[in-house]
Amino acid sequence: MDYFIIASILVFISAIFGYINVRFLKLPNTIGLMLITIVFTLAVFGISYFDDTLLTAEKYIISQIDFRTVLLDVMLSFLLFAGALHTNFEQLKVQRWPIFVFSTLGVLVSTFLVGTFMFYILQLFGLEVNFIYCLLFGSLISPTDPIAVLGILKQAGAPKNLETKIVGESLFNDGVGVVVFLTIFQLASSSTGEIDPFAILELFGVEVIGGILLGLLIGWITYRLMRSIDDYDIEVIITLAAVMMGTVVAQKFHLSAPLAMVTAGLVVGNDTVRHSAMSNTTEIYVDKFWELLDILLNTLLFVLIGMEMLVISFEFNYVIAGLVAIPVVLVCRYLSLLLPIKFFEKKLDFVPKTNLVMTWGGLRGGISIALALGLTQDMHRDLFLVITYVVVVFSIIVQGLTVGKLVKKVAGHAA
C-alpha cells in the first residue's frame with residue numbers, strides 16, 4: 001500500500017468522522033474526532049472476534065505511519081506557524097515576560113516535579129524505573145498543546161489576555177519541551193553516564209536561540225518578498241515555502257524547527273507587517289489558506305491519535321499507573337505556574353483564578369505521544385506510552401469538554 005493510498009484513506013476517515021461530529025455530536029472538532037476514532041477502534045476490536053479483516057487493515061495502516069516523524073518533522077511546523085500567524089501580537093508583546101517564564105522555567109519545573117513524583121509512584125506498583133527515565137516522561141508530558149486548546153478557548157469567549165497567556169505559552173513550550181526532552185534523552189542514552197554541563201548548555205542554547213534567530217530571519221525574508229509584490233497567489237505560496245524550507249534548514253543545522261516556525265509565524269502575522277506587506281485580498285487569502293491547512297492537519301492528527309491505541313500494549317499495571325499520573329501531572333502543572341503567576345499578576349492585571357484555568361486548560365496532545373513513541377525499550381517505552389496515552393485522552397476529552405465552562409465562569413466573575 002503506497003503513501004498516497006494511506007493518505008487518501010486517512011483523509012476519507014477524517015471527513016466521515018468530521019461529518020458525524022458536526023452533524024450529530026456537535027463537539028469541538030479536536031475532541032469529537034478523537035472520541036469517534038476511539039469508539040470506532042474499540043468497535044473494530046469487538047468485530048475482530050467474529051471477523052478480523054477490518055482490524056488487520058487498520059493495524060496495517062498505522063504500522064505504515066511513523067507517527068513521531070510525521071508529527072515532529074512534518075506536521076508540527078505547519079500547525080505552529082498557522083497558530084502563531086493568528087495570535088494577537090500586541091497582546092503577546094504585553095504578556096511576553098510571563099509567557100517566556102511559563103514556557104521555559106514552567107516546563108523545567110514541571111519536568112522535575114512530574115519525574116520525581118512518578119519515580120516514587122511507579123515503585124509502589126512494583127515498577128523499578130530509573131529516575132532519569134521518569135524525568136524523560138516528565139519532559140514529554142509537560143508541554144501543553146496549542147492545537148488542542150485554541151479552538152476551545154475561542155469558542156468559550158475567553159478574555160483576550162487569558163487566551164494569549166495560554167496559547168502563547170503553548171506555542172513556545174512545545175519547542176522548549178522538545179529541546180528539554182532531547183537533552184534528557186541524550187543524557188539517558190549516554191553509555192558513560194557522565195554529564196557534561198557545557199554540552200547540555202550548548203545543545204539547549206543552539207536549539208533554542210538558533211531556532212528563534214532562524215525564525216526571525218525567515219519571517220523577515222518572507223516579509224520583504226511579500227512587500228515587494230502584490231499577487232495573493234504567489235504570496236500564499238511564499239508563506240508555504242517559508243515553512244517548508246525553514247523546517248528543512250532547521251533540521252539540517254540541528255536548530256529547533258518548532259521555535260523557528262512559531263517565531264516566523266509571529267513576524268508574518270504581526271499587524272504592522274500585515275498592513276505594510278499585504279493587501280486586504282492577500283490577507284484574506286493567506287489567513288484562509290492557513291486556517292484550512294490547520295483544520296485539515298488537526299483533523300488528521302486527532303484521528304491518528306485515536307488510532308494509535310492499536311499499537312499500545314495496555315497492561316493492567318500500566319493503565320492504573322496512567323490513571324494515577326493524571327492528577328500528578330495536573331498538580332505539578334499547577335505548582336510550576338504558582339510562583340510566576342504570583343510574581344506577575346499584580347503588574348499585568350491577571351484575571352481571577354488564572355492558575356486554575358491555565359492548569360485545566362493546558363491540554364496535552366499529539367506531541368507528548370510522538371515523543372513517547374521515540375523512547376527506546378530500555379527506557380520503558382511501553383510503560384510510558386500507555387501512561388502518556390491515558391493522560392492525553394483524559395486531557396483532550398475530559399479537560400477539553402469542561403475547560404470552556406470554567407473559562408466562562410471565570411470570565412463572568414472578571415466582568
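Quantities reported herein were computed from a predicted structural model and do not represent experimental measurements.
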Peer 1: My understanding is that only residues two or more places apart in sequence, or in another chain, count here; which of them pass side chain to side chain donor-acceptor pair (under 3.5 Å) with Thr282?
Peer 2: Glu235, Ser279
Peer 1: Considering non-hydrogen atoms only, spot the tightest contact between Glu169 and Leu337 and give its length.
Peer 2: OE2-CD2, 4.4 Å
Peer 1: Going by the rule side chain to side chain donor-acceptor pair (under 3.5 Å), which residues pair with Asn355 if we only count those two or more places apart in sequence or in a different chain?
Peer 2: Thr359
Peer 1: Restricting to side chain to side chain donor-acceptor pair (under 3.5 Å), what partner residues turn up for Thr402, sequence neighbours left out?
Peer 2: Trp360
Peer 1: State whether the number of non-hydrogen atoms from other residues, nucleotides or ligands found under 6.0 Å of Phe253 atom CZ is greater than 12.
Peer 2: no
Peer 1: Return the minimal non-hydrogen interatomic distance between Pro258 and Leu80, and the atom names on each side.
Peer 2: CB-CD1, 3.4 Å
Peer 1: Partners of Ser77 by side chain to side chain donor-acceptor pair (under 3.5 Å), sequence neighbours excluded?
Peer 2: Thr247
Peer 1: I need the minimum non-hydrogen distance between Leu406 and Val357, along with the two atoms involved.
Peer 2: CD2-CA, 4.0 Å
Peer 1: Would you mind listing every ring-ring contact (aromatic ring centres under 6.0 Å, His included) that reaches into residues 210-246, with sequence neighbours excluded?
Peer 2: Tyr232-Tyr285
Peer 1: So which heavy atom on Ser14 is nearest to which on Leu33, and how close?
Peer 2: O-CD2, 3.8 Å
Peer 1: Excluding sequence neighbours, so at least two apart, what forms ring-ring contact (aromatic ring centres under 6.0 Å, His included) with Phe185?
Peer 2: Phe181
Peer 1: Applying ring-ring contact (aromatic ring centres under 6.0 Å, His included), run through Trp97 and Phe344 and close with a yes or a no.
Peer 2: CA-CA 9 Å; Trp97 288 115; Phe344 288 111; 8.1 Å; no
Peer 1: Tell me whether Phe125 at atom CZ has more than 12 heavy atoms from other residues, nucleotides or ligands lying less than 6.0 Å away.
Peer 2: yes
Peer 1: Let me confirm one number: the CG-CG distance from Leu140 to Leu182, rounded to the nearest 0.5 Å.
Peer 2: 11.0 Å
